[in-house]
S.K.: 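I am attaching a structure below and will ask some questions about it afterwards.
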4 protein chains.
Amino acid sequence: MAEISPRKQPRQARARATCEAVKQAAARILVTGGPPALNTNAIAETAGVSVGTLYQYYPSKQAILAELVRDMRAGMLADIERGRAQAKGHDLRTAVRLMVGASLHHHRRDALGAEAMERAEAELPMDAETDALKRRIIALVAELLAGYGIADPELAARDLSAMTRGMAQAAVAAGETDFDALTERIARGAIGYLETGCN
Amino acid sequence: MAEISPRKQPRQARARATCEAVKQAAARILVTGGPPALNTNAIAETAGVSVGTLYQYYPSKQAILAELVRDMRAGMLADIERGRAQAKGHDLRTAVRLMVGASLHHHRRDALGAEAMERAEAELPMDAETDALKRRIIALVAELLAGYGIADPELAARDLSAMTRGMAQAAVAAGETDFDALTERIARGAIGYLETGCN
Amino acid sequence: MAEISPRKQPRQARARATCEAVKQAAARILVTGGPPALNTNAIAETAGVSVGTLYQYYPSKQAILAELVRDMRAGMLADIERGRAQAKGHDLRTAVRLMVGASLHHHRRDALGAEAMERAEAELPMDAETDALKRRIIALVAELLAGYGIADPELAARDLSAMTRGMAQAAVAAGETDFDALTERIARGAIGYLETGCN
Amino acid sequence: MAEISPRKQPRQARARATCEAVKQAAARILVTGGPPALNTNAIAETAGVSVGTLYQYYPSKQAILAELVRDMRAGMLADIERGRAQAKGHDLRTAVRLMVGASLHHHRRDALGAEAMERAEAELPMDAETDALKRRIIALVAELLAGYGIADPELAARDLSAMTRGMAQAAVAAGETDFDALTERIARGAIGYLETGCN
DNA sequence: CATGAATGAGTATTCATTCAT
DNA sequence: CATGAATGAATACTCATTCAT
C-alpha cells in the first residue's frame with residue numbers, strides 16, 4: 001500500500017520552494033512524455049534536486065501525482081465557485097455558458113497540463129480528499145441546476161461535466177486554441193441536454 | 001523504437017487461435033488490472049502459451065496492444081456503418097439517436113473492456129492504421145450530418161463523438177448499466193448541439 | 001509482506017543448477033561478509049547469473065536466506081535422528097555424548113558456514129517450515145531424555161540445545177577446530193545438568 | 001572505514017544528556033525493531049534531537065552502537081566483579097551460582113535489551129576497548145576458577161561464559177522471566193562441567 | 001552549537017526481450 | 001515451431017552523512 005499523503009510540512013522557505021519545484025517538474029514531464037516518462041529520477045533531475053530531497057517531502061511517486069491532481073481539482077473547484085457566483089440571477093442559458101466557461105479556465109491557463117492531469121487522475125488509486133473535491137464540484141453544479149427546476153440535477157451535473165470534459169479533451173487533442181468558440185459549442189450541447197429534458 | 005505491426009501473418013488455424021488467445025488475455029488483464037498490470041509474462045501465462053510463442057506472433061508488447069485497439073476501432077467502424085445504414089431516410093433526431101446507439105454497441109457488449117481499450121489507446125504511439133479507422137469513423141458521421149445540412153459537419157462529428165465518449169465513460173465509471181437511458185441522454189445533448197447551432 | 005516460499009520449481013537440469021548456485025553463493029557471502037554484505041547483486045554475481053535469473057527462482061532476498069536456513073535445519077534434524085538411532089541402548093552419559101556429537105556434525109562439515117547460518121536465522125521472520133523443523137529437533141531430544149527418566153524433558157532439551165549452540169559458537173569464534181574435544185566439554189556440561197537435577 | 005571512537009568528550013551537562021539520550025534511543029530502537037530498524041534518522045528523532053546534533057557527538061552510526069556495546073560490557077564487568085567479591089570464601093558450587101547470577105544481572109534489568117545488545121555486538125567490527133573488557137571478564141572468571149584448582153581455567157571460563165550466554169538467550173527467546181530458576185539450571189550445567197573435569 | 005534540508009550511492013525488484021534446447 | 005531459462009537496464013525508494021543557515 002503506497003502512502004499517498006505528503007510526508008512532512010516544509011518549514012523553511014527553501015523547503016517550500018523545493019516542494020513546488022518537484023510538483024512543477026512532475027507536471028512538465030507528464031505533459032511532455034506522459035505517464036510512462038514520469039519516474040522519480042526524471043522528476044528530481046528536472047526539478048534540480050536529488051532523489052533524496054524529493055523523498056523528504058513525498059513518500060512516494062504516487063503522492064506527488066496525487067498532490068498534483070488535488071491541486072488541479074482544488075483550482076477547478078475555485079473556478080466553478082466563481083462561475084456560480086457570476087451565474088447567479090442570470091437565466092439558464094447564460095448560467096450554463098458561464099459555468100462551462102468557468103470549467104475551462106484551467107484549460108485556458110495550460111491546456112496540455114490540464115489534459116495531462118485529468119488523464120493521470122484516472123490511473124490513480126482514489127484519494128479521499130480529491131474525491132471529496134470532485135463530489136463538491138458536482139454538488140455545486142447540481143445545486144445550480146436544481147435552482148432552475150432541472151429534474152435529477154445530480155445526474156445532469158455528472159452528464160454535463162462529462163460532456164464538457166470529453167469535448168474539451170478532443171478539442172485540445174486536435175490542437176484547438178479558441179476556447180471561446182469551444183465554450184460556445186459545449187454550451188449548445190449542454191443547453192440542448194437540459195431543455196430537451198423539459199419537453 | 002518498438003515495432004508495432006504484427007510480426008507474421010498466421011496462416012494456420014492453430015496460429016490464429018494463439019493470436020486470438022494472446023489478445024483476449026491482454027484485454028482481460030487490461031480490464032482487471034489496468035495498464036500497470038499488463039506485462040508480457042502475464043499475457044503469456046493468461047493466454048496459456050509461453051513468452052517465446054507470444055513473441056513469434058507479436059514483435060513487442062506494444063504491438064499486441066496496438067492490434068487490440070485496432071480491432072476495437074474496426075469493430076466500432078462496423079457498428080457506425082450499420083448505424084448509418086439504419087439511419088438513412090429518418091429525420092435528424094432519429095438519425096442521431098440511432099448513431100449514438102450504434103456508438104455504444106461495444107459498451108453494451110463489454111462496457112469495462114470498451115473503456116479500458118479507449119484508455120489504452122491514449123497511451124499508445126499513434127498507429128497509422130488505427131488513425132485511419134478513427135478518421136473514417138469521423139468522416140462517416142460527418143457525411144451523415146452534412147446530409148442534414150449541418151454547418152461544419154467535420155467539427156460537429158468530432159464534437160459529438162467526444163461528447164458521446166465523455167458521457168459514456170463517466171456513466172460506466174459510475175456503474176450505470178442502462179444503455180438505453182444513457183443513449184437517450186447523450187442524444188439529447190447531441191440534438192441540442194446540432195439544432196441550437198441552426199438558430 | 002515479503003514472500004518467502006520459493007517462486008517456481010526448476011524443471012530443467014540447468015535451472016536446478018542455477019538454484020543451487022544461488023544458494024551456495026548466498027552462503028559464501030554470508031560467511032565472508034556477514035548479513036550486511038548479503039545483497040542480491042552480490043549473490044547473483046557470485047553465483048555467475050544475472051539478477052533476473054535469481055528472481056526467477058526466489059521471490060525475494062529473504063526467500064533465499066529462508067531456504068538456506070531451512071536446508072541447514074533439515075540437515076541438522078537428519079543428524080540428530082542418526083544420533084538418536086546410535087544412542088539407543090546406551091546409558092545416559094554415552095547417549096548424551098553421541099547426541100552432542102551429532103549436533104556438531106554440521107560444524108565439522110563447515111564450521112563457519114554453520115555459525116553464519118545460525119546467526120542469520122535470528123534475523124529472519126519466522127518461517128513456518130523451519131520452525132516445525134526446530135520443534136521436531138527439540139522433541140526428538142526430549143523423547144530421548146524422557147526415556148532416561150529426566151524430569152521436564154522439554155525444558156532440558158531446550159537448555160541442552162542452547163548450551164551446545166552457545167559453546168560451539170564461542171569455540172568456532174575462538175578458532176577451535178578439535179571438535180572431539182569440544183564435544184567432550186559440552187557433554188560434561190550436559191551430563192552435569194542432567195545428573196545434578198536428580199539429586 | 002568508519003570512525004568508531006566518540007568524536008568529542010561532552011564537558012557540559014547538556015551535552016552529556018544529549019549523548020545519553022542518543023544511546024537510549026538507539027537501544028530502544030534496537031530492541032523494538034532489530035538492527036534493520038536502527039537508522040540515524042530514527043535515532044535522532046527518538047532522542048528528540050536533530051541528525052546534525054547527533055553527528056556532533058558521534059562520528060558515525062557504528063560509533064553509537066559501539067559505545068552502547070562498550071557500556072553493556074562495562075556494566076557486565078562491574079557485575080562480575082561484584083559477583084567475585086561475594087563469591088570469595090565460598091565453596092565452588094556456591095561460587096558458581098553467585099557468578100552465574102551476577103552474569104544475569106543485566107538480563108534481570110532488561111532482558112530484551114541485553115539480548116539485543118549481545119546480538120548487535122556480533123555484527124560490529126571489533127572495537128579494541130570492548131575487546132579488552134571482554135578479555136577482562138574472562139580473565140576474572142578464570143582467576144576465580146584457578147583458585148579452586150580447575151585445570152585450564154581460561155578455557156573453562158570461556159566455556160562457562162558461552163554456556164551462560166547460550167542458555168540465557170534461549171530462555172529469553174522462549175519468554176522465560178524467572179531468572180532464579182534459570183540461574184539454577186545454568187549453574188547445574190556449569191558445576192557438572194567443572195566437577196566432571198576433575199574425575 | 002543546533003537545525004534540518006540536501007545529497008547520492010546503494011538496494012531490492014520488475015519486466016521486455018532473446019535464444020539455446 | 002514451442003518452450004522457458006536467462007538477461008540486464010531501468011525504477012522506486014532508503015539512509016548515512018554533510019553543510020548552509
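Lettering follows sequence order; numbering is per chain, from 1.
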S.K.: Which pairs would a plain distance check flag for residues 20-30 of chain D, meaning a side-chain donor or acceptor within less than 3.5 Å of a matching protein atom at least two apart in sequence or in another chain?
M.R.:
unit_1: D:E20; atom_1: OE2; unit_2: D:Q24; atom_2: NE2; d: 3.1
unit_1: D:K23; atom_1: NZ; unit_2: D:E67; atom_2: OE2; d: 3.1
unit_1: D:K23; atom_1: NZ; unit_2: D:D71; atom_2: OD2; d: 2.6

S.K.: Starting at the 5' end of DNA chain F, which residue's closest nucleotide do you reach first, C:V49 or D:G52?
M.R.: C:V49
S.K.: Examine F:dA2: is either OP1 or OP2 under 4.0 Å from a nitrogen or oxygen in the side chain of B:S50? Give yes or no.
M.R.: no
S.K.: Output the pairing pattern of DNA chain E as a dot-bracket string, 5' first, Watson-Crick or G-U wobble with both distances under 3.5 Å, | for cross-strand pairs, [ ] for crossing pairs.
M.R.: .||||||||||||||||||||
S.K.: Under 4.0 angstrom, heavy atoms only, what part of the nucleic acid is B:L38 near: base, sugar-phosphate, or nothing?
M.R.: sugar-phosphate
S.K.: It should be established whether C:Y55 places a side-chain nitrogen or oxygen under 4.0 Å from OP1 or OP2 of nucleotide E:dT14.
M.R.: no
S.K.: Quick one: pull up CD in B:E129 and CZ in B:R70 and give me the separation to the nearest 0.5 Å.
M.R.: 4.5 Å
S.K.: Identify the heavy atoms of B:Y58 and B:C19 that sit nearest to each other, and give their distance.
M.R.: OH-O, 3.6 Å
S.K.: By nearest nucleotide on DNA chain F, pick out whichever of A:P36 and C:G48 is the more 5' one.
M.R.: C:G48
S.K.: Can you check whether C:N39 has a side-chain N or O nearer than 4.0 Å to OP1 or OP2 of E:dT11?
M.R.: yes
S.K.: E:dC1 and F:dT21: how far apart are their C1' atoms, nearest whole angstrom?
M.R.: 13 Å
S.K.: What is the separation between atom CD1 on D:I64 and atom C1' on F:dA16, rounded to the nearest whole Å?
M.R.: 10 Å
S.K.: Would you say E:dT3 has OP1 or OP2 under 4.0 Å from some side-chain N or O of D:T53?
M.R.: yes
S.K.: If you only use heavy atoms from C-beta on, which nucleotide in F:dA16, E:dT14, F:dT7 is closest to the side chain of C:V51?
M.R.: E:dT14
S.K.: Testing the basics here: between C:P36 and C:G33, what is the closest heavy-atom pair and its distance to 0.1 Å?
M.R.: CD-O, 4.1 Å
S.K.: Does A:T18 have a side-chain nitrogen or oxygen under 4.0 Å from the phosphate oxygens OP1 or OP2 of E:dA6?
M.R.: yes
S.K.: If you look at every heavy atom in A:Y55 and A:S60, which pair is closest and at what distance?
M.R.: CE2-CA, 4.0 Å
S.K.: Do C:Q56 and F:dA6 have a side chain to base donor-acceptor pair shorter than 3.5 Å?
M.R.: yes
S.K.: Give a yes/no answer on whether the side chain of B:Y57 brings an N or O atom under 4.0 Å of OP1 or OP2 in F:dA2.
M.R.: yes
